[in-house]
Amino acid sequence: MPWSSRKRGPRTDPDRSANRVSGKGTLSIADEELLRTLYAEHAGALFHYVLRLTSGDWQWAEDVVQETMLRAWQHPTAFDPARGPARAWLCTVARHLVIDAHRARQARPSEAGGEALEWTAEQKPGEDEIEKALESWAVADALRSLTPDHRAVLLETYYRGRTMVEAAQVLGIPLGTVKSRTYYALHALRLALQERGIEP
């Protein structure tokens with residue numbers, strides 16, 4: 001249930017609970033009552049304070065308040081009136097928890113999306129590099145199986161990135177011949193790759 005919708009009882013002294021500490025460092029009945037009182041008196045205000053620290057992240061703020069109350073349960077002697085107001089201690093602990101969580105997030109590498117994780121899980125170590133190397137050898141072998149004219153046209157247009165006009169000038173043949181040789185060279189290359197088990 002959201003903190004703001006909880007009904008609040010009559011306003012009491014925020015440090016009234018500090019008078020109930022057992023002083024032994026163990027959780028007594030009085031300490032349990034202390035924690036109930038702390039929660040009732042400070043949880044709502046603490047939540048709103050933490051909500052500002054977490055930039056409006058409700059879930060994170062609730063987690064921080066819960067952890068703060070857990071620490072209060074672990075250290076009931078911290079609420080000695082001589083040490084100061086209980087709310088100040090709770091806010092300090094909550095602020096430190098938020099700072100620690102922020103630092104932990106900064107130190108951790110950023111998380112990848114689901115698709116990247118699925119792809120990575122499907123890959124075996126080194127599989128990608130091996131696959132690329134095998135594929136490049138198969139493509140080179142398929143290119144060697146083409147005629148020298150077809151190989152020269154593909155080399156100029158695809159591997160060297162030249163336009164059809166530039167390839168015609170470099171090869172010293174008409175533009176129409178470059179176009180037809182490129183068409184037939186690609187068809188022959190596709191067949192050669194299929195023979196080697198590669199689908200272009």
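Start at 1 with the first residue, then count along the sequence.
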Original post:
side chain to side chain contact (heavy atoms under 4.5 Å, CB included) between Gln66 and Phe47: does it pass, once the steps are laid out?
Top reply: CA-CA 9 Å; Gln66 182 177 1; Phe47 175 76; over 6 Å; no

Say whether [X] and [Y] are linked into one hydrophobic cluster, either directly or through other cluster members, by side-chain heavy-atom distances under 4.5 angstrom.
| X | Y | answer |
| --- | --- | --- |
| Tyr184 | Leu193 | no |
| Ile99 | Val64 | no |
| Leu175 | Leu171 | yes |
| Trp73 | Val50 | yes |

Side-chain donor/acceptor of [X] to backbone N/O of [Y], under 3.5 Å:
| X | Y | answer |
| --- | --- | --- |
| Arg95 | Leu90 | no |
| Arg151 | Arg144 | yes |
| Glu166 | Thr163 | yes |

Any side-chain heavy atom of Arg87 within less than 4.5 Å of one from Leu46?
-> no

### Query
Do Tyr183 and His150 have side chains that get closer than 4.5 Å, going by heavy atoms?
no

Roughly how far, to the nearest 0.5 Å, is the [atom2] atom of [Y] from the [atom1] atom of [X]?
| X | Y | atom1 | atom2 | value |
| --- | --- | --- | --- | --- |
| Asp141 | Ser136 | CG | OG | 11.0 Å |
| Thr182 | His187 | OG1 | NE2 | 14.5 Å |
| His96 | Leu53 | NE2 | CG | 11.0 Å |
| Ile173 | Lys179 | CD1 | NZ | 12.5 Å |
| Arg71 | His75 | CZ | NE2 | 7.0 Å |

Sorted by chain and residue number, the side-chain contact (heavy atoms from CB on, under 4.5 Å) partners of Leu143 (sequence neighbours excluded) come out as Val139, Leu146, Leu154, Tyr159, Leu189

For Ala167, the side-chain contact (heavy atoms from CB on, under 4.5 Å) test, sequence neighbours excluded, returns Glu156, Thr157, Val178

On a heavy-atom basis, the closest approach of Met69 and Tyr39 is CG-CD1, 3.8 Å

(message) Run the side chain to side chain contact (heavy atoms under 4.5 Å, CB included) test on Tyr158 and Val153 for me, step by step, so that the C-alpha distance in whole Å, both residues' side-chain angles and the decisive distance to 0.1 Å come before the verdict.
(response) CA-CA 8 Å; Tyr158 284 93; Val153 166; over 6 Å; no

Could you go step by step and tell me if Trp60 and Leu51 meet the side chain to side chain contact (heavy atoms under 4.5 Å, CB included) rule?
CA-CA 8 Å; Trp60 186 13; Leu51 193 61; over 6 Å; no

